[in-house]
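These notes are about the structure you will find just below.
Letters go in sequence order (proteins before strands), and every chain restarts at 1.
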Protein chains: 2
Amino acid sequence: MEKLREPLCEIAQCGLPFALEAMGERWSFMILRAAFNGVRHFEDFLEALGIARNILSNRLSRLVEAGILKREHCADDRRRIEYRLTPKGMDLLPAMLALRQWGEKWQLGVPANPVLCDARDGMPIRPIGITAHDGRALSPDDLTWRERAELEAAVAFEPLRKVL
Amino acid sequence: MEKLREPLCEIAQCGLPFALEAMGERWSFMILRAAFNGVRHFEDFLEALGIARNILSNRLSRLVEAGILKREHCADDRRRIEYRLTPKGMDLLPAMLALRQWGEKWQLGVPANPVLCDARDGMPIRPIGITAHDGRALSPDDLTWRERAELEAAVAFEPLRKVL
DNA sequence: GGTTTTAGGTTGCAACTAGAAACTTAAACT
DNA sequence: AGTTTAAGTTTCTAGTTGCAACCTAAAACC
């Protein structure tokens, strides 16, 4: 764990504060979860989450503004509004699952049910973890920070796979 | 994405609300990040985060209470207190990195620096994602929910790897 | 045209969050 | 013994969050 150290946020360009700015509020992840479960309409979010109307209204607006949800009128019933995940919102699924798995593992006593599985073979997904470029599982001790410049020089020969 | 649906939290035993209960507050992830970067003492958190003393005090207490940090007096200087990550706290690293990578990818304009790398070969880590039991990358469309009972019956022959 | 439905704004109130500054306590240092 | 340091706690203030209940606007339905 000693190796895992970086300058704090004033210096580093760190994505965490930006992520928290968009998703750090109390209901944001629960709304996202509902959206992943197919909830699309205001009243359905309201019922699913037990949240106050004005808070929901405010959060949905913020999530739309952040580009995580998109807001559009239904074609068939134009007073109805659909909130749908954008690609940017979909891309939060690993983070949400990682949080959820952590909650299940450490906070929730019972094994979770239902279990999220691979649709192709029906097997449970692997716990979300940190993996090397070649797929090996990494522990916190296996990690280190490198300057981008240094890194790009080092891999000048082999093509650098897109990271982050 | 249609396949990815589950009963909402009243019915399902979902770990997400539990995770958010512990980590959902505004400064929690930033404190965790500092802890991963080796910050251990009250005054150092204070300086690193620019947070008010009373809020920091409150958050540290909560994180200790949640078992994410442990609080102990230094052996050499017993007025000093060290806050250190517990295994439970360490286990939040994938979730934090996933959030951070998302923030870097979607919110932060510039490529992040420094880059988190595998210490063994110096290559950048793979973006955190969802993988099947055999390591294949999965997209949201590849996911489905299965009842635990059904699943355990189905894999009665092959040993079910520990999940979550 | 009147009613219903959907989405969401407004108001009022209680609780919580956040910050600055001063105070406290215990240990260490001299 | 007196000072300094680390880690808080307390007090006061302002702002935000959250809920309930009611109100509005627009579209659809009859």
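The NE2-P distance, from A:His73 to D:dA25, rounds to 16 Å in whole Å. In this structure, A:Ile81 atom CD1 and D:dA28 atom P are separated by 12 Å, rounded to whole Å. When the P atom of C:dA7 is taken as reference, atom CG of A:Leu63 falls 16 Å away, rounded to whole Å. If you measure from atom CD of A:Glu43 to atom P of C:dG9, you get 13 Å, rounded to the nearest angstrom. Computed from coordinates, the A:Glu47 CD to C:dG8 P distance equals 17 Å when rounded to whole Å. Protein atom CG of A:Leu69 is 14 Å distant from nucleotide atom P of C:dA7, rounded to whole Å. The separation between B:Glu72 atom CD and D:dA6 atom P is 19 Å, rounded to whole Å. Separating the CD1 atom of B:Ile51 from the P atom of C:dA21 is a distance of 17 Å, rounded to the nearest angstrom.
Side-chain N/O atoms of B:Arg80 and B:His41 include a donor and acceptor closer than 3.5 Å. Of the N and O atoms on the side chains of A:Asp91 and B:Trp102, not one donor lies less than 3.5 Å from an acceptor on the other residue.
Between A:Arg53 and A:Glu43 there is a salt bridge, since a side-chain N of the basic residue sits under 4.0 Å from a carboxylate O of the acidic one. Between A:Asp142 and A:Arg136, no side-chain nitrogen of the basic residue sits less than 4.0 Å from a carboxylate oxygen of the acidic one, so the salt-bridge criterion is not met.
Across D:dA28, D:dA7, C:dG9, the shortest atom-to-atom separation from the side chain of A:Ser57 is found for C:dG9. Considering only side-chain atoms of B:Arg71, the nucleotide from D:dA28, D:dA7, C:dA7 that sits closest is D:dA7. Closest to the A:Arg80 side chain, of the nucleotides C:dG19, C:dT6, D:dA7, is C:dT6.
Judged by distance alone with a 3.5 Å cut-off, a donor-acceptor contact links the side chain of B:Arg79 to the base of D:dT5.
Put simply, A:His41 has no side-chain N or O that comes within less than 4.0 Å of OP1 or OP2 on C:dT6.
Nucleic acid contact class of B:Arg78 (heavy atoms, under 4.0 Å, all strands): sugar-phosphate only.
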At a cut-off of 3.5 Å, list every protein nitrogen or oxygen paired with a nitrogen or oxygen from nucleotides 13-18 of chain C, distance to 0.1 Å.
residue : atom : partner : partner atom : Å
C:dT17  : OP1  : B:Glu25 : OE2          : 3.0
C:dA18  : OP1  : B:Arg26 : NE           : 3.0
C:dA18  : OP2  : B:Arg59 : NH2          : 2.6

From CA spacing to verdict: salt bridge (Lys or Arg N to Asp or Glu O under 4.0 Å), A:Arg71, A:Glu82: CA-CA 6 Å; A:Arg71 178 187 200 276; A:Glu82 279 197 345; over 6 Å; no
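Each of B:Asp77 and A:Tyr83 lies near DNA chain C, and the nucleotide nearest A:Tyr83 is the one positioned closer to the 5' end.
Under a cut-off of 6.0 angstrom, the local environment of CZ in B:Arg120 is crowded, with over 12 non-hydrogen atoms contributed by other residues, nucleotides or ligands.
With rounding to the nearest 0.5 angstrom, the CG atom of B:Leu99 is 5.5 Å from the CZ atom of B:Phe29.
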